[in-house]
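Reviewing the structure listed below.
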Amino acid sequence: MEDARKRRFDAVLVWKLDRWGRSVADSIRGIQELVSLEVRFIAVTQNIDTDQSNPMARFLLHIMAAFAELERELIRERTIAGVRTARSKGKVLGRPRRVFRRDEVIRLREEGLSWRVISRRLGIPVTTCIDACGVRKSS
């Protein structure tokens, strides 16, 4: 939106309206701001173009935004239901924990070996070695 305010482009082109915002209110607010900045909003597959002076285009925009929000919510509900079902059946979700000896990483590092060499020797990713030693600073 900052670039739109600076007039760096004339139009925003999306494949579908649901790629633009997370909710009807969010989508419409963003599109209204673009329109006020005289930036066209075009959703290719849904035939939406704010450049049209036809009131039907604006009506369709609101309807499509509502459908996009409904679709996202349905996907979210299905995902949550699927995760709950998997957990109820004992499925462990997420990345598997890596089992390795942290003290071995530290010992090899103190011997002067590089992170890459240590990771190869222990069969773990470089980032796991670094994280295990607490070298990374949180940003």
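In this text, all values refer to a predicted model and were calculated from it rather than measured experimentally.
Residues meeting the side-chain hydrogen bond (donor to acceptor under 3.5 Å, both in side chains) test with Asp10, sequence neighbours left out: none. For Glu33, the side chain to side chain contact (heavy atoms under 4.5 Å, CB included) partners at least two apart in sequence or on another chain are Met1, Arg5, Ser36, Leu37. Applying the side-chain hydrogen bond (donor to acceptor under 3.5 Å, both in side chains) test to Arg8 and every residue at least two apart in sequence or in another chain returns Asp3. Scored by the side-chain hydrogen bond (donor to acceptor under 3.5 Å, both in side chains) test, Lys6 finds Glu2 as partners (sequence neighbours excluded). In this structure Arg102 satisfies the side-chain hydrogen bond (donor to acceptor under 3.5 Å, both in side chains) test with no other residue, sequence neighbours excluded.
Trp15 shares a hydrophobic cluster with Leu13, Ile42, Val44; the chain of contacts runs through ILVMFWY side chains whose heavy atoms sit under 4.5 Å apart.
When each of Asp131, Leu122, Ile130 is tested with Val105 by the rule side-chain contact (heavy atoms from CB on, under 4.5 Å), just one qualifies, namely Leu122.
Here the closest non-hydrogen pair linking Ala132 and Phe100 is CB-CZ, 3.5 Å. Nearest approach of Ser119 to Ile124, heavy atoms of both residues: CB-O, 2.9 Å.
Within the structure, every pair that satisfies the ring pair (Phe, Tyr, Trp, His ring centres under 6.0 Å) test and touches residues 16-43, not counting sequence neighbours, is listed here: Trp20-Phe41. Pairs passing the salt bridge (charged side-chain N to carboxylate O under 4.0 Å, His left out) check and including a residue from residues 107-123, sequence neighbours excluded, read Glu104-Arg107, Arg107-Glu111.
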Identify every side-chain donor-acceptor pair in residues 66-85 under 3.5 Å, counting partners at least two apart or on other chains, and give the distances.
{"residue": "Glu69", "atom": "OE1", "partner": "Val24", "partner atom": "N", "Å": "3.3"}
{"residue": "Arg72", "atom": "NE", "partner": "Arg22", "partner atom": "O", "Å": "2.9"}
{"residue": "Arg72", "atom": "NH1", "partner": "Asp18", "partner atom": "O", "Å": "3.4"}
{"residue": "Arg72", "atom": "NH1", "partner": "Gly21", "partner atom": "O", "Å": "2.8"}
{"residue": "Arg72", "atom": "NH2", "partner": "Gly21", "partner atom": "O", "Å": "3.1"}
{"residue": "Arg72", "atom": "NH2", "partner": "Arg22", "partner atom": "O", "Å": "2.8"}
{"residue": "Thr79", "atom": "OG1", "partner": "Ile75", "partner atom": "O", "Å": "2.8"}
{"residue": "Thr85", "atom": "OG1", "partner": "Ala81", "partner atom": "O", "Å": "2.9"}

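Hydrophobic clustering (side-chain heavy atoms under 4.5 Å, transitive across Ile, Leu, Val, Met, Phe, Trp, Tyr) keeps Leu108 apart from Ile106.
The shortest side-chain heavy-atom distance between Asp49 and Arg40 falls under the 4.5 Å cut-off. Taking 4.5 Å as the limit, some side-chain heavy atom of Thr50 sits within range of a side-chain heavy atom of Ile31.
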